[in-house]
Structures are given as structure tokens and as C-alpha cells.
Visitor: 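Mind looking over this structure? Questions follow.
Everything numeric here is computed off the predicted structure, so don't read it as measured data. A note on names: the letters A, B, ... follow the listed sequences, proteins ahead of strands, and every chain is numbered from 1.
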Number of protein chains: 2
Amino acid sequence: MTVTETERWLELLEQKGSRITGPRKAIVELMVDADHALNPVDVFDRARVKYPKMGLVTVYRTLEVLSDLGLVERVHQADDCHMYLRAAQGHEHLLICSCCGKAAYFSGDDLGMLIQRISMESGFSIQGHWLQLQGLCQSCQPKKIQTQQGE
Amino acid sequence: MTVTETERWLELLEQKGSRITGPRKAIVELMVDADHALNPVDVFDRARVKYPKMGLVTVYRTLEVLSDLGLVERVHQADDCHMYLRAAQGHEHLLICSCCGKAAYFSGDDLGMLIQRISMESGFSIQGHWLQLQGLCQSCQPKKIQTQQGE
DNA sequence: TCCTTATTGAAAATGTTTTTCATTTTCATT
DNA sequence: AATGAAAATGAAAAACATTTTCAATAAGGA
């Protein structure tokens, strides 16, 4: 599953006319598998394990290429908007742990009625929406209860 | 209405032990009235009209103070997360024009069932959610139709 | 294998935000 | 109104993140 997804990403890169290189392979492999949002330096550190010569500039460039292809997207959190994750597929929304950044997509929201109402009331033509749930993942719940009950 | 809201913000500043100064008054007046999300330089430019000696550093510092008081908050857009707007009151969500940044709050979403379901399925304890509608405001709709039908 | 060209990494440049610090301003106390 | 302690300010410097430049390298079709 993971291997074929990696291959799918690399094929898309190729179809677009880009070359498949060592640095790109390393970054794609890692982003396909990542279950946490990662910032460019995180990606850099992980990619260097696979490809030690990796430069940070290449991380920025590759994330941009993958983002243009719709394979990764930027993750927004209240305090940090510099993280990347594989892109949502279809109509997925993000559930993200505010403690460790662990992320998962979900679907099944139904905002149609709301959007129609707001559209009427505001006069905006609504192009898209953004829904994201913040919480604590199972492994972060105990930590937070111990340290700062409430927050 | 606007005058009293400005006063309310200044009183909150005072209660917190901060001083009311010329630069802060200028920034508060402008943020209370703003119906577009503004980045620090936008705020700087507008504030200098009222208070010409204003420094950009003071804009950063004042936005932080107002943000700590919950009076303004950072606005996130796909490409730009450096804008500020008066904070949502109660359970409001943002509707924002992707062309000009015109912003309005709305309420009346009902995500209770969805959140409960995702909470069960994922094991996350959900602390909050983030809903935002993107669209074109009435004055930007004609522009976009002329220039780039679709986008 | 060769050759063209995209890609790379290092360094420099750019742009944004934060820190430092001497000066100025606020405002409670005279 | 004058004073003085402390907070706030603006300019400059520093720190930080991201982008650009450019010579060297590597990919992949011929």
C-alpha cells in the first residue's frame, strides 16, 4: 500500500515532466508515510536519514512541487502554519492533535444547508470551506491530564 | 457603537494593567472598525495616518497584546496566515473573501453530532473546531468573472 | 556512452518577526 | 501642576524563515 502510493506520487511527478531524483524519492517516501504534520526542517531531518546530502533548499522546492501536484498540503494550526501533510482526498477534513501534531482525515460532514444559508444572507458566492477538529490523540491525553488539567 | 467598542477595548487594556497610549489608541480604533483582515504592514500603514510616528515594532507588539486579551485573532488563508481581525465573539465562524480579504462572522453551525462521531471513531478528545467559508464577496464577484472564469 | 537540461546544494539575498536599548510617555503620587 | 517610577516606544541590530542565484552534478533520452 505504502510502496504503491509512493510509486503513484513518483509517476505523477514524471508525467508532469519532472525528473525522479534521490532527494525527491526520499521526501516522497517520508511524506506518504507521515502521520504527523511536518515542517520543512522536520522533513529535512527525516529525509537526511535516507539521503544524507539533502539540502534544506531542496526540501522547500520539493514540497512546493508536491503541493502544486496536490499531493501534499499545508496544515494550519492556531500558532503554526508551516507544516505539511499528504493532501486530503476528495472531501476529507483534518483532525489534528494539538499536542503532538498527529493527524488523521475524516469525512462525512454535511454543511450544505449551512453554506446555502450563509450564501443567501451574505451575498458571497461560496467557493469552499475549511473544517478542522483540534483535540488530543489517545497517547497525548494522559500527558495533558497530568500536567495541566484543563488548558 | 464603534466608539463604545473602542472604549471597551481600551478599558480591557487598562484593567490588565497596560497603559493607554497614542499608538495603541490608533491601532485599536482601526482594528475595531476593520472589515478586512489586515497584516501587520497594513495595520502599520493605516495607523500612521492617525499617528505618524508609529513604528512597525509597536504594531507587532500591540497586535500581540490585543491577541492575548482575545480581542483580535489571526486569520488563516490558504496562502497567507499573517492577517489579523477582531476576534470571533462566542461561537462565530469566519466567512472571508478570497479575493479582497473582506471578512464577516456567522454563527449557527451545528457540528455536535459530527464531533461526537469522530471523537468515538478516532479516540481523540476533541477540544475545538475550526470552520471557515471562503468565497467571493459581492464586489469581487464581477471582477473574477471578467478576468479568470473559474480559477 | 554521450549530451542536454533539470536538479541540486551552498552561499547570498530577501523579507518578516523579535530583541535590545536609550529615550519618551503615561499616570499615580505629590 | 510637578515629580518620578515604570511601561511603552522607535530605531537599529539580531534572529529566523524562505527565496534566489549560480556553478556543479545527475537524470534519462538519444
Visitor: For the pair made of CZ in A/F44 and P in D/dT19, what is the distance, rounded to whole Å?
Guide: 16 Å
Visitor: In terms of side-chain heavy atoms of A/V57, which of C/dT16, D/dG10, C/dA11 is nearest?
Guide: C/dA11
Visitor: Rounded to the nearest angstrom, tell me the gap between atom CG in B/D80 and atom P in C/dG15.
Guide: 15 Å
Visitor: Do any side-chain nitrogens or oxygens of B/S18 fall under 4.0 Å of OP1 or OP2 in D/dA7?
Guide: no
Visitor: Rounded to the Å, how far apart are B/H82 NE2 and C/dT17 C1'?
Guide: 10 Å
Visitor: Rounded off to whole Å, could you give me the CG-to-P distance for the B/L10 and C/dT26 pair?
Guide: 13 Å
Visitor: Nearest to the B/T21 side chain among C/dT26, C/dA11, C/dT19, which nucleotide is it?
Guide: C/dT26
Visitor: Just how far, in rounded Å, is C1' of C/dT25 from CE of B/M54?
Guide: 14 Å
Visitor: So if I take every side-chain heavy atom of B/L56 and compare against C/dT17, C/dA11, D/dG10, which nucleotide ends up nearest?
Guide: C/dT17
Visitor: Give the nucleotide from the list C/dT8, C/dC27, D/dT18 with an atom nearest to the side chain of A/R24.
Guide: C/dT8
Visitor: Could you state the CG-P distance from B/L63 to D/dT9, rounded to the nearest angstrom?
Guide: 12 Å
Visitor: B/K53 has a side chain; which of C/dG9, D/dA8, C/dT25 sits nearest to it?
Guide: C/dT25
Visitor: Rounded to the Å, how far apart are A/K16 NZ and D/dG28 P?
Guide: 14 Å
Visitor: Has the side chain of B/Q141 got a donor or acceptor atom that lies under 3.5 Å from a matching backbone atom of A/G123?
Guide: yes
Visitor: Heavy atoms from C-beta onward define the side chain here; which of C/dT17, D/dT18, D/dG10 lies closest to that of B/Y51?
Guide: D/dG10
Visitor: Under a 4.5 Å cut-off applied to non-hydrogen side-chain atoms, are B/Y105 and B/R86 in contact?
Guide: yes
Visitor: Which listed nucleotide (D/dA12, C/dT7, C/dT17) is nearest to the side chain of B/P40?
Guide: C/dT17
Visitor: Can you find a heavy atom in the side chain of B/M31 that is under 4.5 Å from one in the side chain of B/T62?
Guide: no
Visitor: Starting at atom CD1 of A/I20, determine the distance to atom P of D/dG28, rounded to an integer number of angstrom.
Guide: 6 Å
Visitor: Of the candidate nucleotides D/dA17, D/dA27, C/dG9, which contains the atom at the shortest distance from the side chain of A/R19?
Guide: D/dA27
Visitor: For the side chain of A/R61, starting at C-beta, report the closest nucleotide among D/dT18, D/dG10, D/dT21.
Guide: D/dT21
Visitor: With a 3.5 angstrom cut-off on both distances, give the Watson-Crick or G-U wobble partner of C/dT29, or none if there isn't one.
Guide: D/dA2
Visitor: Look at A/E5 together with A/R8 and state whether they make a salt bridge at an N to O cut-off of under 4.0 Å.
Guide: yes
Visitor: Donor-acceptor pair, distance only, cut-off 3.5 Å: does the side chain of B/D42 make one with the backbone of B/N39?
Guide: yes
